[in-house]
Amino acid sequence: MKKQEENIVLCGANSYEQKYYLNQQFSSLPQSIKDELQIMCVLYTEEVGGILTMEFEPDGTLIFKSIADDMDYYYDDISAGLKIKQMQQTKMELLESLELYYRIFFLGEKPPVES
């Protein structure tokens, strides 16, 4: 299996275009998970503004990226960072499960053995 070099976008939302995106590579996720991701991304951009993407790094770590247009004076980097930290804490189980899913189905790792 060829090792990827770039991040793979899971999903994202854009407050400027009022759009949500889910990468079709992840269409096999359960509908409830897809719905939860959409709610998370859209609520984030409604509250903070800018553009939010959730991306898998080459090692399978799920990260949040938040950017804003230079002329967006309502966007606040501090609020954006705090909101991401809050989502990472409240949705920790979901995010860890997504990382495990990605590592098994996309990176070909073996599932952990429960003791």
Side-chain angles (χ1 to χ4, degrees):
M1 177 179 271
K2 186 178 174 226
K3 195 101 168 133
Q4 72 175 29
E5 301 295 324
E6 297 179 0
N7 290 357
I8 302 294
V9 174
L10 167 62
C11 59
N14 183 326
S15 68
Y16 308 118
E17 297 179 11
Q18 295 184 338
K19 291 189 177 182
Y20 171 77
Y21 167 78
L22 175 70
N23 187 334
Q24 288 304 305
Q25 290 180 293
F26 300 97
S27 61
S28 63
L29 285 171
Q31 188 61 45
S32 61
I33 302 292
K34 292 190 278 190
D35 291 345
E36 187 67 28
L37 290 170
Q38 183 173 4
I39 291 167
M40 287 171 60
C41 289
V42 171
L43 285 178
Y44 175 91
T45 56
E46 286 295 314
E47 186 174 321
V48 177
I51 301 167
L52 175 72
T53 57
M54 295 172 67
E55 305 177 9
F56 288 104
E57 293 184 320
D59 69 353
T61 302
L62 183 60
I63 61 168
F64 291 73
K65 284 191 178 177
S66 179
I67 58 171
D69 287 343
D70 291 337
M71 302 303 287
D72 186 348
Y73 299 112
Y74 295 109
Y75 181 85
D76 176 20
D77 285 327
I78 295 172
S79 295
L82 290 172
K83 184 67 178 172
I84 287 172
K85 292 257 189 254
Q86 178 190 28
M87 287 192 307
Q88 288 172 327
Q89 289 175 342
T90 59
K91 302 294 183 183
M92 184 183 304
E93 189 175 321
L94 170 66
L95 301 175
E96 288 174 351
S97 296
L98 285 167
E99 286 180 344
L100 181 61
Y101 170 85
Y102 184 80
R103 286 185 175 120
I104 292 170
F105 291 102
F106 287 81
L107 298 180
E109 293 181 9
K110 300 261 188 262
V113 178
E114 293 186 24
S115 51

Undergrad: Look at the side-chain heavy atoms of Ile, Leu, Val, Met, Phe, Trp and Tyr, link any pair under 4.5 Å apart, and say whether Leu107 and Leu62 land in one connected group.
TA: yes
Undergrad: Using the test salt bridge (Lys or Arg N to Asp or Glu O under 4.0 Å), find all partners of Glu36 that sit at least two apart in sequence or belong to another chain.
TA: Lys91
Undergrad: Which atoms form the tightest heavy-atom contact between Glu6 and Pro58, and what is the distance?
TA: O-CG, 4.2 Å
Undergrad: Side-chain contact test, heavy atoms from C-beta onward, threshold under 4.5 Å: evaluate it for Ile8 versus Tyr102 and give yes or no.
TA: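 Ile8 reaches Tyr102 side chain to side chain.
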Undergrad: What about Val48 and Leu82, same hydrophobic cluster or not, with Ile/Leu/Val/Met/Phe/Trp/Tyr joined at side-chain heavy-atom distances under 4.5 Å?
TA: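 In one cluster with Val48: Leu82, no.
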Undergrad: Can you measure from CD1 (Ile33) to CD (Gln31) and round to the nearest 0.5 angstrom?
TA: 10.5 Å
Undergrad: In Å and rounded to the nearest 0.5 Å, what is the CD to CG distance from Glu99 to Leu95?
TA: 7.0 Å
Undergrad: Ala80 and Tyr44: which non-hydrogen atoms are nearest, and at how many Å?
TA: CB-OH, 3.1 Å
Undergrad: Shared ILVMFWY cluster between Leu100 and Phe64, side chains joined below 4.5 angstrom?
TA: yes
Undergrad: Would you say Asp69 and Tyr75 make side-chain contact, with heavy atoms under 4.5 Å?
TA: no
Undergrad: So which heavy atom on Leu52 is nearest to which on Cys41, and how close?
TA: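 Nearest pair, atom of Leu52 first, then Cys41: CD2-CA, 4.0 Å.
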Undergrad: Hey, mind stepping through Asn14 and Tyr21 against side-chain contact (heavy atoms from CB on, under 4.5 Å) and telling me if it holds?
TA: CA-CA 9 Å; Asn14 183 326; Tyr21 167 78; over 6 Å; no
Undergrad: Kindly say whether Thr61 contributes a backbone atom to a donor-acceptor pair with the side chain of Asp59 at under 3.5 angstrom?
TA: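 Checking the backbone N and O of Thr61 against the side chain of Asp59, a donor-acceptor pair under 3.5 Å is found.
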Undergrad: Taking the side chain as every heavy atom from C-beta outward, state whether Leu29 and Leu37 have any atom pair closer than 4.5 Å.
TA: yes
Undergrad: Is it true that Lys85 and Gln88 share a donor-acceptor pair across their side chains at a distance under 3.5 Å?
TA: no
Undergrad: For a ring pair (Phe, Tyr, Trp, His ring centres under 6.0 Å) check, start with the C-alpha distance between Phe106 and Phe26, then their side-chain angles and the critical distance, and finish with the verdict.
TA: CA-CA 10 Å; Phe106 287 81; Phe26 300 97; 4.8 Å; yes
Undergrad: Run the side-chain contact (heavy atoms from CB on, under 4.5 Å) check on Phe105 and Ser28 step by step: do they pass?
TA: CA-CA 11 Å; Phe105 291 102; Ser28 63; over 6 Å; no
Undergrad: Considering all heavy atoms of both residues, which atom of Glu55 and which atom of Thr53 are nearest to each other, and what is their separation?
TA: OE2-OG1, 2.9 Å
Undergrad: Can you tell me how far CE of Met54 sits from CD1 of Ile84, rounded to the nearest 0.5 angstrom?
TA: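 Between Ile84 CD1 and Met54 CE, I get 10.0 Å after rounding to 0.5 Å.
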Undergrad: To the nearest 0.5 Å, what is the distance between CE on Met40 and SG on Cys11?
TA: 7.5 Å
Undergrad: Any chain of hydrophobic side-chain contacts (each under 4.5 Å) joining Leu10 to Ile104?
TA: yes
Undergrad: Does Leu94 belong to the same Ile/Leu/Val/Met/Phe/Trp/Tyr cluster as Tyr20, with side-chain heavy atoms less than 4.5 Å apart forming each link?
TA: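 Same cluster: Leu94 reaches Tyr20 through Ile, Leu, Val, Met, Phe, Trp or Tyr contacts under 4.5 Å.
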Undergrad: In Å, rounded to the nearest 0.5 Å, how long is the span from OG of Ser15 to CD1 of Ile51?
TA: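 These two atoms lie 7.0 Å from each other.
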Undergrad: With no hydrogens and no angle check, just 3.5 Å: does a side-chain donor-acceptor pair link Ser79 and Tyr74?
TA: no
Undergrad: Determine whether Gln38 and Leu22 satisfy the following criterion, side-chain contact (heavy atoms from CB on, under 4.5 Å), listing intermediate values before the conclusion.
TA: CA-CA 8 Å; Gln38 183 173 4; Leu22 175 70; over 6 Å; no
Undergrad: So does Glu46 have more than 12 non-hydrogen atoms from other groups sitting under 6.0 Å from CD?
TA: no
